[in-house]
Amino acid sequence: MDFELSEDQRALQAAAQAFAAAELAPFSAQWDRESHFPVETLRKAAGLGFAGVYLSEDVGGSGLSRLDASLIFEALAYGDVATTAYLTIHNMAAWMIDRFGDPELRARYLPRLTTMELVASYCLTEPGAGSDAAALATIAKRDGEAYVLNGSKAFISGGGTSDIYVVMARTGGAGAGGVSAFVVEAGTPGLSFGARERKMGWNAQPTAQVNFDGVRVPASNRIGGEGEGFRFAMMGLDGGRLNIASCSLGGAGLALDTAQAYLAERRQFGRPLRDFQALQFKLADMATELEAARLMVRRAAAALDAGRPDATKLCAMAKRFATDAGFHVANEALQLHGGYGYLADYPLERIVRDLRVHQILEGTNEIMRVIIAREMFR
């Protein structure tokens, strides 16, 4: 068991850290304040291979591991959580096409997705099907050499802005076995979007409902076979959970470092705050929680890379623990700043807002417990 990163992994981490420091951190507060979606900055990240981290090299991907991806996304999220989280969703959607699409579909979309000439969204959740994703009601009915889609998807990151939507829709009977996956292009007749959602956090990326009203999609845009879409979506979410957990590590890491610096410089009762044992203990607990979460995420990533049978359980465990720990660390960092932590002049309130949703998306942390228990009793 080796906990040391390889030389190549340290180089990847350093490249992501340098990009975050130069291209993300200086603008994070402004993007949040203005609800600005920095697509050009994301394309710069794509130039470093970060838009196709674990995609195949023959279509422009970086061909890296899930562990490599975790290192990259943690480093990027230290600069800006919301933008990095969107980048992870783009990677997940593109991975589904890469892993399960036929050669023609892969060649048609992936070279432009890895450069982010095209930006992708992942469409599973519906207004009436959140945690019970297998109950989705969006219909895809075969009509000759096409499918006609009707229904709606909710809480879609990139909704109304993305160029490509990877959509799970029902082609068969009830339950998971009746779901298929499709690539739907922006501009297709019948495709429309709700108003941009007003959110607590993640303001640097747009979120909107995606609506399908007789949307005609070529049969060649189906990913894999009929009835396989839900399985593909769940496999994508194993990695997606690691990605969002890694973003929590990055945001919480910034919060911890900010709190440590504040305790060193802030004085009360004639002494630096760092000299008060109660605050030392709090900071020590925060650092311990974050390190434990990091180890869990990296272990789960290694299990997913190795194709271990318990990878789904470990990914759910890592997502549950890391997103809870990340939010707790950020919230404690805000508390340590007192009234200053509540001000937008400091990054803490923004980190707290951005990390809160990580306990909900990619499967709520309550659903993570369901998955863990189910895997335990197999």
Side-chain angles (χ1 to χ4, degrees), residues 20 23-46 50-51 73 76-77 79-96 109 112-113 115-127 130 138 149 151-168 183-188 190-213 215 236-237 240 243-244 247-248 250-251 344 349-362:
E23 301 289 347
L24 301 179
F27 311 104
S28 183
Q30 179 184 350
W31 293 340
D32 174 74
R33 184 171 59 252
E34 298 176 358
S35 295
H36 173 67
F37 185 39
V39 175
E40 290 308 313
T41 301
L42 287 168
R43 287 179 177 143
K44 290 181 183 179
F50 297 158
F73 294 139
L76 293 177
D80 185 74
V81 171
T83 303
T84 304
Y86 182 84
L87 188 61
T88 73
I89 294 167
H90 174 92
N91 270 269
M92 180 171 64
W95 174 83
M96 284 188 61
Y109 291 114
R112 291 183 291 165
L113 287 169
T115 62
M116 292 196 88
E117 175 190 343
L118 299 179
V119 177
S121 289
Y122 175 89
C123 301
L124 176 63
T125 301
E126 296 186 358
T138 296
L149 274 63
S152 294
K153 299 293 180 177
F155 308 122
I156 302 304
S157 291
T161 302
S162 291
D163 306 291
I164 295 295
Y165 297 87
V166 175
V167 180
M168 272 51 73
V183 178
V184 180
E185 295 187 15
T188 304
L191 180 66
S192 64
F193 308 95
R196 181 168 177 162
E197 303 287 2
R198 298 174 60 200
K199 309 188 297 289
M200 174 180 172
W202 272 25
N203 292 320
Q205 54 163 286
T207 303
Q209 186 163 305
V210 180
N211 303 308
F212 308 89
D213 183 9
V215 174
L237 283 175
N243 292 345
I244 215 63
C247 290
S248 286
E349 60 85 26
R350 183 174 71 256
I351 297 170
V352 167
R353 289 187 289 104
D354 283 343
L355 292 190
R356 181 61 183 86
V357 73
H358 294 191
Q359 297 170 291
I360 298 172
L361 52 81
E362 310 292 31

(message) Regarding E40 and K44, does a basic nitrogen lie under 4.0 Å from an acidic carboxylate oxygen?
(response) no
(message) Could you report the tightest heavy-atom contact between T161 and P206, atom names first, then the distance?
(response) OG1-CG, 3.4 Å
(request) Verify whether the ring centers belonging to Y165 and F212 lie closer than 6.0 Å. (result) no
(request) Using atom types as modelled and distance alone, determine if a side-chain donor or acceptor of T207 lies under 3.5 Å from a backbone N or O of F155. (result) no
(request) Check the angle between the aromatic planes of F37 and Y86 and answer parallel, tilted or perpendicular using the 30° and 60° thresholds. (result) perpendicular
(request) For the pair D354 (side chain) and G201 (backbone), establish whether a donor and an acceptor sit closer than 3.5 Å, ignoring hydrogens and angles. (result) no
(request) Can you measure from CG (N243) to CG (L87) and round to the nearest 0.5 angstrom? (result) 9.0 Å
(message) With a 3.5 Å distance limit and no angle check, can you tell me whether K153 reaches the backbone of E126 through a side-chain donor-acceptor pair?
(response) no
(message) Please tell me whether D80 and S28 have a donor and an acceptor in their side chains that are separated by less than 3.5 angstrom.
(response) yes
(message) Within this structure, what is the CG-CG distance for the pair L149 and D213, rounded to the nearest 0.5 Å?
(response) 11.0 Å
(message) We want to know whether E23 and T41 form a side-chain donor-acceptor pair, criterion being a heavy-atom distance below 3.5 angstrom.
(response) no
(message) Quick check: do V81 and L355 have side-chain heavy atoms less than 4.5 Å from each other?
(response) yes
(message) Quiz question: by atom type and distance under 3.5 Å, do the side chains of N211 and Q209 form a donor-acceptor pair?
(response) yes
(request) Kindly say whether S162 contributes a backbone atom to a donor-acceptor pair with the side chain of S121 at under 3.5 angstrom? (result) no
(request) Can you see which heavy atom on T84 is nearest to which on C247, and at what distance? (result) CG2-SG, 3.7 Å
(request) Using modelled atom types only, decide if a donor and an acceptor are shared between the side chain of R43 and the backbone of P38 within a distance under 3.5 Å. (result) no
(request) Please lay out, stage by stage, how D163 and R112 fare under the test salt bridge (Lys or Arg N to Asp or Glu O under 4.0 Å). (result) CA-CA 10 Å; D163 306 291; R112 291 183 291 165; over 6 Å; no
(message) Checking side-chain polar atoms at under 3.5 Å, does Y122 have a donor or acceptor matched by the opposite partner on E362?
(response) no
(request) Kindly say whether the aromatic ring centers of H90 and W95 come within a distance under 6.0 Å. (result) no
(request) Indicate whether the side chain of S35 and that of N203 have a donor and an acceptor atom separated by less than 3.5 Å. (result) no
(request) For the residue pair W31 and H36, categorise the inter-ring angle as parallel (less than 30°), tilted (30 to 60°) or perpendicular (more than 60°). (result) tilted
(message) If you define the side chain from C-beta out and look only at heavy atoms, does anything of L42 sit under 4.5 Å from V119?
(response) no
(message) We want to know whether T83 and Q205 form a side-chain donor-acceptor pair, criterion being a heavy-atom distance below 3.5 angstrom.
(response) no
